[in-house]
Amino acid sequence: MASVRVRKLVKKFDQTVAVNQMDLEVEDGEFMVFLGPSGCGKTTTLRCIAGLELPDGGEILIDERPVTNLPPADRDIAFVFQSFSLYPHMTVRENLAFPLRAVRTPQNVIDERVAAAARSLHIEKLLDRRPNKLSGGEMQRVAIGRAIVRRPKVFLMDEPLSALDAKLRTEMRAEIKRLQSDLGATTIYVTHDQLEAMSMGDKIAIMFGGLLQQIGTPTEVYDNPRNLFVAGFIGSPAMNTLPCHRAGNLLNILPSADSGDGKVVVLPVAPEAEARFGSAPEGKDLILGVRPEDIALAREPKPDFLPAEVYIVEPLGSEKIISLRIGGHVVKARTPPTFPATQGETLFARIDQSRAHLFDAATEESLTCR
Ligand code: ATP
């Protein structure tokens with residue numbers, strides 16, 4: 001296995017800068033996920049690493065060896081795409097053996113590698129079937145198997161699960177993660193699905209507009225988003241964002257344009273948040289960011305709890321998402337499924353300020369990211 005380093009990578013298509021000065025490092029054996037919305041440059045970065053696109057600038061190293069100008073075949077990588085093309089006239093066994101036959105591998109090695117891949121992917125019983133007798137998930141396993149048998153230095157996967165239904169995706173997500181950790185295989189995995197990224201990656205590289213926004217473990221990017229884009233992209237429901245100003249030891253939440261009374265909601269800075277919020281500039285436009293699980297609800301008034309009208313209740317089985325109106329803004333809170341709430345009634349909400357964030361509204365950068 002091997003590390004992958006990308007330095008100042010630039011790729012343009014006519015006027016479009018698809019990848020803009022991308023710098024990232026994938027350590028040996030690491031599972032790195034490229035995450036971002038459609039068009040942010042994930043696939044182009046991956047294709048540059050694979051050698052399928054020639055960069056306009058920058059450098060790519062695999063296992064410390066510069067490969068920027070090498071063809072894909074000389075990079076010792078394996079690619080798994082969303083649309084897996086198995087050879088229809090070959091059995092699963094023959095499909096798995098194909099990449100090894102292509103490089104004249106001895107038959108005993110082929111047999112051993114095919115058997116090992118089939119075991120890892122739980123497809124031993126399918127070895128003598130043709131692809132038209134396989135389900136979508138089984139076909140995807142064979143496609144992954146074809147990448148594994150070569151034992152490449154790096155696996156590159158571009159949305160390999162997006163053609164599968166939701167249940168199968170969840171199953172395969174866990175299986176790929178397990179397989180990757182068993183093989184200790186350096187893997188780069190592209191997805192636009194933040195749940196997939198959070199559940200699979202050792203690290204996540206979040207991209208937007210061809211720029212790397214943040215790179216870190218799932219917990220780091222969730223708990224400490226560097227800017228409003230990352231804060232909003234990771235997490236479902238998304239982080240609540242409330243415009244505010246700091247005045248001394250108070251955060252004044254500014255009313256939304258459609259709030260009836262136009263009143264500022266005053267939130268005293270809690271002692272546990274003083275160190276983080278106290279240095280935010282006074283009088284400047286700020287955004288308070290609060291995750292839905294960091295809002296505690298009560299049915300009766302309590303110290304530090306703000307009154308809030310219930311706007312919508314969404315029972316999701318394992319939890320309940322309650323939307324409340326605070327200063328005219330709709331704020332989502334995550335509660336246990338048994339918490340009673342009815343549309344239109346008044347509840348009381350407390351923001352856990354020790355886990356809340358402040359962003360500069362103009363630059364969208366976090367003022368509290370550690
Ligand atoms: P998706 O999730 O939709 O695949 P992505 O994040 O992988 O998106 P890319 O496919 O890398 O994004 O595309 C980045 C930008 O480069 C987009 O604006 C896209 O339109 C453009 N682009 C990508 N490939 C080409 C190409 N071959 N010719 C012209 N423009 C391209």
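Computed from a predicted structure; not experimentally measured. Ligands are counted one by one from 1 in listed order, and the atoms in each one are counted from 1 as well.
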With the threshold set at 4.0 Å, does a side-chain nitrogen-carboxylate oxygen contact exist between [X] and [Y]?
X    : Y    : result
R7   : E59  : yes
R101 : E94  : no
D223 : R355 : yes

Any nitrogen or oxygen of [X], side chain or backbone, less than 3.5 Å from one on ligand 1?
X   : result
A18 : no
F13 : no
T43 : yes

Per-residue contact class, T16 against ligand 1 - non-hydrogen pairs under 4.0 Å: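 For T16, only side-chain atoms sit under 4.0 Å from ligand 1.
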
E364, Q213, M239 screened by side-chain contact (heavy atoms from CB on, under 4.5 Å) with V230, the one that passes: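 Of all the options given, the one that passes is Q213.
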
From the candidates H192, K42, K12, the one that places a heavy atom nearest atom 2 (O) of ligand 1: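 Among H192, K42, K12, the closest heavy atom to atom 2 (O) of ligand 1 belongs to K42.
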
Heavy-atom nearest option to atom 12 (O) of ligand 1, drawn from G210, G41, G36: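 Considering heavy atoms of G210, G41, G36, the nearest to atom 12 (O) of ligand 1 sits in G41.
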
contact_flag P37 ligand 1 heavy-atom lt 4.0 Å: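 Contact present.
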
Lys/Arg cation over aromatic Y222: R291, 6.0 Å, 45° cone: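 Satisfied, under 6.0 Å and within 45°.
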
Closest protein heavy atom to atom 13 (O) of ligand 1, given as residue, atom name and distance to 0.1 Å: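 Protein heavy atom at minimum distance: T44 OG1, 3.7 Å.
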
Donor-acceptor pair between Q214 and N227 side chains, under 3.5 angstrom: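 No - no donor-acceptor pair under 3.5 Å links their side chains.
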
